[in-house]
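To start, the structure under review is shown below, and the notes come after it.
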Amino acid sequence: MKHNNRFFLTLSLMAMLASSAVAQIVSPVDFMRTNPRSVDANPATYTLDYGYFDMLLGGINLGVVNAGLRYDKFFRFNEEGQPIVLDLNSGVASLRDKNYLNTYANLDVFHCGRRTNHGYITYFHRIRELETMSYTKDLMQVLVQGNAAFLGESHPANIDVNVSARAYQEFNFGYQMSLTDQWNIGARMKFLMGYADVKSKALNIQFFTDPDTYAWQLMSDVDVRATLPYEFYLNDGELEIRDARFNIAKLFKNYGFGIDLGGEYQINGQWGVAAAINDLGFIKWNTHSVQFKGEVQDAGSFVDNGTLVFSGLTESQIDGMLHDSTYFVHLMDTLLKCFQLTPQSLGGYTTGLNTNMMVRGYYDLTPNHRFSAQLTGYNLGMGIKPAMTLAYTGSFKGKYDVVATYTMMKGSFDNLGIGASANFGGLLIYVATNNLFGFFNPANRSHINAQLGISFTSGVLIDRSETIIMRDKAAEAEADADDPMNL
């Protein structure tokens, strides 16, 4: 196979970084009241400003979620907390049957919003990257304990890996309006431009060791689709890879659409509820799409009815490998043919976005102190992953927010988040993290995250009731325009 090293580097990085069962944990920014960025979590969230804009530094969000491998499970420590013994068996025993790794990055190129007489308009351009990988415990158990841990056909190793990695640009237009002094609704329409995608439909190996002969019997199934910034050609069954030439038209070939929907209802002066569904949509991948498929091939003496059977090397085979380079190459080629991947050009394929849904209830102890509870569900192509968040928000002088959150989810219970924002005469600065503990002991934490941004706000921060007054005055002005004689 002719190849380009940068292609395999790109593919490997996207696959190895891949991650997200627990995706992006709920952010403290979502609960801020004077920060217009809180509208990102729910297009219907009411923010106390007339408008804002920012470029490049407006919103940066980076994170890694590791719901599996933990440094403190693979070592024994002395009284000073220093690792003294590597304990791989203990580390493997600490894994769950299915484990997850996730990385994500969001960069806002341009973001703005403006309140009108009838509602609130937002627009932003964002670059998004999300990698997702799940893997079974058997993968690490084979690496640490070898095939002896899987004796007998009734006790097979099931190595199953699920990979999804994606990078794309998002252009987003949103509109929010107050139906009454209690109801707020909002929606965002999204146009998406895909850059790269790797998606596995199957990455599975099953094998067991015969308890009598210690021969390996193995079956595999591989089906991976990829769209990367390289051109793929099939030449007599061989895959050729070349750097793709850039042109503007290619930016629109991997296109997609999405929508966010939300609502907020203020029950009374203290209680309120909100709900939203975000990233409901798809991307159609059309540029340089290729599919890699493979299973155990019926090639050579090692294969029996689609199952690889390896009973070790005979004395003559070992002698041939040591003294005959041609024989060695032939033997290795025979083994490699058993796992040969078949590349196939695709006309295109479609992937769904990583949709998330949330329901929130809140209670205002005073106008400055709010307590919230939120249930979030993430659909990551591996089932719905729920998360429960409790939050406190302190808002002071209409300029400052202080937020503390605690999030629980399967396999991750140490997510204590904090955030703060301040408005200095129209310059709003905010910082936040979903997991404060991650900065002090990152090797033993399931989540590490950092968020920051700088925005310029316009006008004076206003109370929610003033929006209703603005709407009513606009309606009266329109009525006067239609009937100047007030008849």
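These figures come from a predicted structure and were not determined experimentally.
- For the pair Arg225 and Asp197, the salt-bridge criterion is not met [side-chain N within less than 4.0 Å of a carboxylate O].
- At least one side-chain heavy atom of Phe31 sits under 4.5 Å from a side-chain heavy atom of Thr405.
- Looking at Gln374 and Ser372, their side chains never bring a donor and an acceptor atom within 3.5 Å of each other.
- A 4.5 Å side-chain heavy-atom check between Val224 and Val198 finds at least one atom pair inside the cut-off.
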Original post:
Given Lys399 and Thr34, is the side chain to side chain contact (heavy atoms under 4.5 Å, CB included) satisfied, shown in steps?
Top reply: CA-CA 6 Å; Lys399 296 182 179 181; Thr34 65; over 6 Å; no
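- Checked for salt-bridge contact, Asp40 and Arg126 meet the test: a charged N lies under 4.0 Å from a carboxylate O.
- For the pair Val402/Thr393, no side-chain contact is recorded, criterion being any heavy-atom separation below 4.5 Å from C-beta on.
- Thr350 and Trp285 share no side-chain donor-acceptor pair at under 3.5 Å.
- Looking at Asn449 and Tyr104, their side chains do bring a donor and an acceptor atom within 3.5 Å of each other.
- With rounding to the nearest 0.5 angstrom, the NZ atom of Lys284 is 8.5 Å from the OG atom of Ser289.
- With 3.5 Å as the limit, one finds a donor-acceptor pair spanning the side chains of Gln451 and Ser27.
- Between Tyr120 and Tyr52, the two ring planes are parallel [angle under 30°; tilted spans 30° to 60°].
- Between Phe371 and Tyr392, the ring-plane angle classifies as tilted under the 30° and 60° cut-offs.
- Contact annotation: the side chain of Phe456 never approaches that of Met55 to less than 4.5 Å [non-hydrogen atoms, C-beta and beyond].
- The side-chain heavy atoms of Gln176 and Pro43, taken from C-beta on, include no pair separated by under 4.5 Å.
- Because its NZ or CZ atom is not both nearer than 6.0 Å to the ring centre of Tyr195 and within 45° of the ring axis, Arg166 does not count as a cation-pi partner of that residue.
- When side chains are defined from C-beta on, Met133 counts as touching Val161, because their heavy atoms get closer than 4.5 Å.
- To the nearest 0.5 Å, atoms OG (Ser200) and CG (Asp160) are separated by 8.0 Å.
- Residues Asn42 and Glu264 have side chains that never bring a donor and an acceptor to within less than 3.5 angstrom of each other.
- Residues Thr407 and Met388 fail the side-chain proximity criterion, which asks for heavy atoms closer than 4.5 Å.
- Taking all atoms of both residues into account, the shortest heavy-atom contact from Leu353 to Leu280 is CD1-C, 4.5 Å.
- In this structure, CG on Asn423 lies 4.0 Å from OG1 on Thr457, to the nearest 0.5 angstrom.
- Closest approach of Met358 to Ala41, counting heavy atoms only: CE-O, 4.3 Å.
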**OP:** Carefully, step by step, assess Arg37 and Asp54 under the rule salt bridge (charged side-chain N to carboxylate O under 4.0 Å, His left out).
**Re:** CA-CA 11 Å; Arg37 287 311 182 98; Asp54 54 62; 2.8 Å; yes
**OP:** Please lay out, stage by stage, how Arg360 and Asp30 fare under the test salt bridge (charged side-chain N to carboxylate O under 4.0 Å, His left out).
**Re:** CA-CA 11 Å; Arg360 179 189 301 175; Asp30 299 346; 5.2 Å; no
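- With Tyr168 as the aromatic partner, Arg128 does not meet the cation-pi criteria of under 6.0 angstrom to the ring centre and within 45 degrees of the ring axis.
- A salt bridge does not link Asp97 with Lys137: none of the charged nitrogens is closer than 4.0 Å to a carboxylate oxygen.
- Rounding to the nearest 0.5 angstrom, the gap separating the NZ atom in Lys199 from the CG atom in Asn162 is 5.5 Å.
- Contact detail for Val26 and Asn434: the closest heavy-atom pair is O-OD1, 3.4 Å.
- Remark: side-chain polar atoms of Asn35 are not paired, donor with acceptor, to backbone N or O of Met32 under 3.5 angstrom.
- Closest heavy-atom contact between Pro36 and Thr47: CA-CG2, 3.8 Å.
- The backbone N or O of Phe437 sits less than 3.5 Å from a side-chain atom of Asn435, completing a donor-acceptor pair.
- Residue Arg188 comes nearest to Gly174 through the heavy atom pair CG-CA, 3.6 Å, listed as atom of the first residue, atom of the second, then distance.
- Taking CD1 of Ile127 as the reference point, atom CD of Gln169 lies at 5.0 Å (rounded to 0.5 Å).
- The aromatic rings of His125 and Phe171 sit parallel to each other, their planes meeting at less than 30°, with 60° as the upper class boundary.
- We find the CD-OG1 distance between Gln291 and Thr227 to be 11.0 Å, quoted to the nearest 0.5 Å.
- In this structure, a donor-acceptor pair under 3.5 Å is present between the side chains of Asp401 and Ser395.
- A donor-acceptor pair under 3.5 Å is absent between the side-chain atoms of Asp87 and the main chain of Arg76, judged by distance alone.
- Side-chain atoms of Asn268 and Gln270 include no donor-acceptor pair closer than 3.5 Å.
- Residues Gln182 and Ile267 share a closest heavy-atom pair of NE2-O, 3.1 Å.
- There is no side-chain donor-acceptor pair under 3.5 Å between His111 and Tyr123.
- Taking the side chain as every heavy atom from C-beta outward, Ile283 and Phe257 never approach each other to under 4.5 Å.
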